[in-house]
Amino acid sequence: MASLARSMDLERRLNDSLGLTPHLGWSSWNVAQCDAASEKYALETANKFIELGLKDVGYEYVNIDDCWSTRERDESGNLVPDPSKWPNGIKAVVDQIHDMGLKFGLYGCAGELTCASFPGSWGHEIQDAELIASWGVDFWKHDNCFTPCTSEPFPQTCWEGSIDTRPWYGTMRDAILSVKDSKEMLFNLCNWGRNEVWTWGYDYGHSWRIEGDNWGDWESVVRIGAKASEIPEYSGPGGFNDLDMLFVGNGVLTEPQERLHFGLWAIAKSPLVIGADLNALPESSLKILSNKDIIDVNQDPLGIAAGIFQPPNAPGPVRGEIYPYWAGPLSDGVVIGLVSANRAGTLSVNFADVPGLEGGSYNWKELYTGEEGTGESISFNVAENDIAIVKVTTS
Ligand code: GLA
């Protein structure tokens with residue numbers, strides 16, 4: 001945390017008590033990309049949050065991603081909800097979602113176009129902030145397609161490290177902060193980790209994507225999980241590393257992989273954003289996504305992300321791979337993650353070797369199985385690409 005420069009904007013946000021823990025919700029993108037950016041999905045999801053008990057365990061934000069607008073702005077320059085997807089406009093849907101005690105998020109882009117080539121906010125930042133605030137939008141994701149690069153016109157994606165993405169995120173942050181009704185809006189920076197966003201994101205928004213997209217394959221989970229282990233110290237109340245939307249319940253990962261994906265995102269204090277169709281969610285995935293003990297770890301008020309630690313005699317971390325040993329402080333203890341990537345194995349740790357714990361006997365609980373015990377160490381057989389998440393209570 002020492003590396004964080006806390007600015008006035010951050011202080012103001014903290015005073016607003018906004019984003020003090022990672023946001024919990026759902027997003028349309030991983031469900032069916034453009035096809036899911038509709039009133040139908042938004043309202044069905046909100047209803048399912050209640051019906052499936054997801055609201056009860058903390059899921060709150062129903063977020064619509066790319067493709068919700070028409071291809072052109074109107075004659076006043078405003079974004080227009082696509083009438084075939086939003087027959088009643090967006091405000092009517094936001095009002096219904098608010099009436100259900102939930103929140104509504106929307107997507108836009110810093111560039112001239114969104115990643116799927118709908119109008120972006122470039123040059124329209126204040127106008128767009130005013131419009132979405134007038135609809136009561138609670139969350140804005142700001143993407144990074146069609147922004148300045150080394151050549152004109154702006155390309156769909158630019159990975160050129162010498163280009164500083166900060167200015168356009170600052171423009172939208174200031175636009176949102178300048179609009180009277182948008183003060184309670186979470187601001188998510190989606191610049192895919194460009195310019196080491198974790199070192200400055202805190203002063204710009206409440207969460208920031210640390211990597212390229214989670215494509216819904218195992219390699220993405222490994223790539224993003226490995227990256228998170230390098231930069232846990234940049235997350236804290238008011239601003240968190242965003243490991244990207246989940247692929248749990250989409251039928252692309254095995255059950256152990258889904259446990260590892262969700263568990264790692266949770267202890268790394270990422271926003272937990274479900275990316276599955278809640279009308280077709282397998283029971284096993286619902287069980288993972290609604291694990292209250294793990295959600296409580298993610299939402300712990302300390303807001304400190306777990307990082308990796310190396311027990312004596314354990315091999316060191318390998319770049320690009322998920323390291324087996326993770327730990328992070330909680331307000332009443334320590335959470336330990338034991339990850340068995342690529343092969344099943346027995347993973348053991350003495351509590352004396354875990355950051356935040358001293359030698360001695362503690363009560364512990366494995367949060368997926370509910371197994372409990374007391375002692376000076378733990379040892380678990382972890383299936384291939386699975387995780388054990390152990391909460392050690394100190395007070
Ligand atoms: C980018 C973002 C994704 C998603 C798509 C939408 O790839 O990183 O999260 O929003 O755009 O087009």
Side-chain angles (χ1 to χ4, degrees), residues 22-38 41-42 45 61-71 79 81-82 85 90 104-122 128 132 137-149 154-160 163 165 168-169 172 185-198 201 204-217 219-221 223-225 227-228 240-248 250 252 261 265 270-277:
H23 60 275
L24 302 175
W26 171 96
S27 166
S28 56
W29 186 248
N30 293 352
V31 177
Q33 293 78 48
C34 284
D35 290 343
S38 67
Y41 270 98
T45 299
Y61 288 83
V62 175
N63 291 348
I64 294 296
D65 208 274
D66 206 350
C67 318
W68 58 267
S69 78
T70 54
R71 294 268 176 196
L79 293 167
D82 180 340
K85 293 174 175 163
I90 287 192
F104 181 84
L106 210 48
Y107 162 103
C109 189
E112 291 174 335
L113 297 171
T114 71
C115 294
S117 293
F118 289 82
S121 292
W122 187 262
D128 290 354
I132 56 176
V137 167
D138 305 291
F139 170 101
W140 182 252
K141 168 176 172 179
H142 211 47
D143 214 335
N144 189 32
C145 283
F146 295 100
T147 48
C149 199
F154 301 167
Q156 203 263 2
T157 26
C158 174
W159 288 105
E160 176 54 52
I163 304 287
T165 62
W168 41 93
Y169 285 94
M172 194 63 191
M185 203 184 291
L186 285 187
F187 185 39
N188 174 261
L189 318 182
C190 180
N191 83 341
W192 322 307
R194 287 267 309 274
N195 314 117
E196 303 191 326
V197 60
W198 46 89
Y204 287 67
H206 305 93
S207 55
W208 47 85
R209 283 270 305 278
I210 61 166
E211 255 291 336
D213 288 10
N214 180 1
W215 298 107
D217 51 8
E219 290 69 30
S220 292
V221 174
R223 168 175 50 83
I224 300 168
K227 181 75 210 178
F240 292 93
N241 287 335
D242 177 359
L243 277 60
D244 202 4
M245 303 165 287
L246 296 161
F247 269 98
V248 173
N250 306 60
V252 291
H261 180 15
W265 265 228
S270 173
L272 298 175
V273 180
I274 301 170
D277 185 344

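Position 1 is the first residue of the sequence; numbering continues from there. Remember, it's 1-based here, ligands and their atoms both numbered in the order they're listed. Basis for what follows: all heavy atoms, side chains included, without hydrogens, waters or symmetry-related copies.
- Below 4.0 Å from some heavy atom of D65 lie the following atoms of ligand 1, by number and element: 4 (C), 6 (C), 10 (O).
- With a heavy-atom cut-off of 4.0 Å, C190 touches ligand 1 through its side chain alone.
- Using cut-offs of 30° and 60° on the angle between ring planes, the pair F187 and Y169 is tilted.
- One side chain, N241 or W208, offers a donor N or O that lies under 3.5 Å from an acceptor on the other.
- Below 4.0 Å from some heavy atom of C115 lie the following atoms of ligand 1, by number and element: 1 (C), 11 (O), 12 (O).
- Backbone and side-chain nitrogen or oxygen atoms of D244 are examined, and none is located within less than 3.5 angstrom of a nitrogen or oxygen of ligand 1.
- Contact analysis puts R209 in contact with ligand 1, with a non-hydrogen atom separation below 4.0 angstrom.
- Under a 4.0 Å criterion applied to the non-hydrogen atoms of D213, ligand 1 contributes the atoms 1 (C), 2 (C), 3 (C), 7 (O), 8 (O).
- Shown in contact with W192 at under 4.0 Å from a heavy atom are these atoms of ligand 1, numbered in order with element: 2 (C), 8 (O).
- Between G216 and V252, the shortest heavy-atom contact is O-CG2, 3.1 Å.
- If you check the side chains of D138 and Y61, you find no donor sitting under 3.5 Å from an acceptor.
- Contact record, C67 with A116: SG-CB, 3.8 Å, taken as the closest heavy-atom pair.
- Within the listing of ligand 1, atoms 6 (C), 12 (O) sit less than 4.0 angstrom from a heavy atom of D66.
- No hydrogens or angles considered: nothing links the side chains of W168 and N191 as a donor-acceptor pair under 3.5 Å.
- In terms of polar-atom proximity, K141 is counted as a contact of ligand 1, with an N or O under 3.5 Å from an N or O of the ligand.
- Checked against the 2.5 Å cut-off, the SG-SG distance between C115 and C109 does not fall under it.
- For atom 11 (O) of ligand 1, the closest heavy atom belonging to the protein is D143 OD2, 2.9 Å.
- If you number the atoms of ligand 1 from 1 as listed, the ones under 4.0 Å from a heavy atom of M245 come out as 9 (O).
- Contact annotation: T114 has no heavy atom less than 4.0 Å from any atom of ligand 1.
- D242 and N188 share a donor-acceptor pair across their side chains, judged by distance under 3.5 Å alone.
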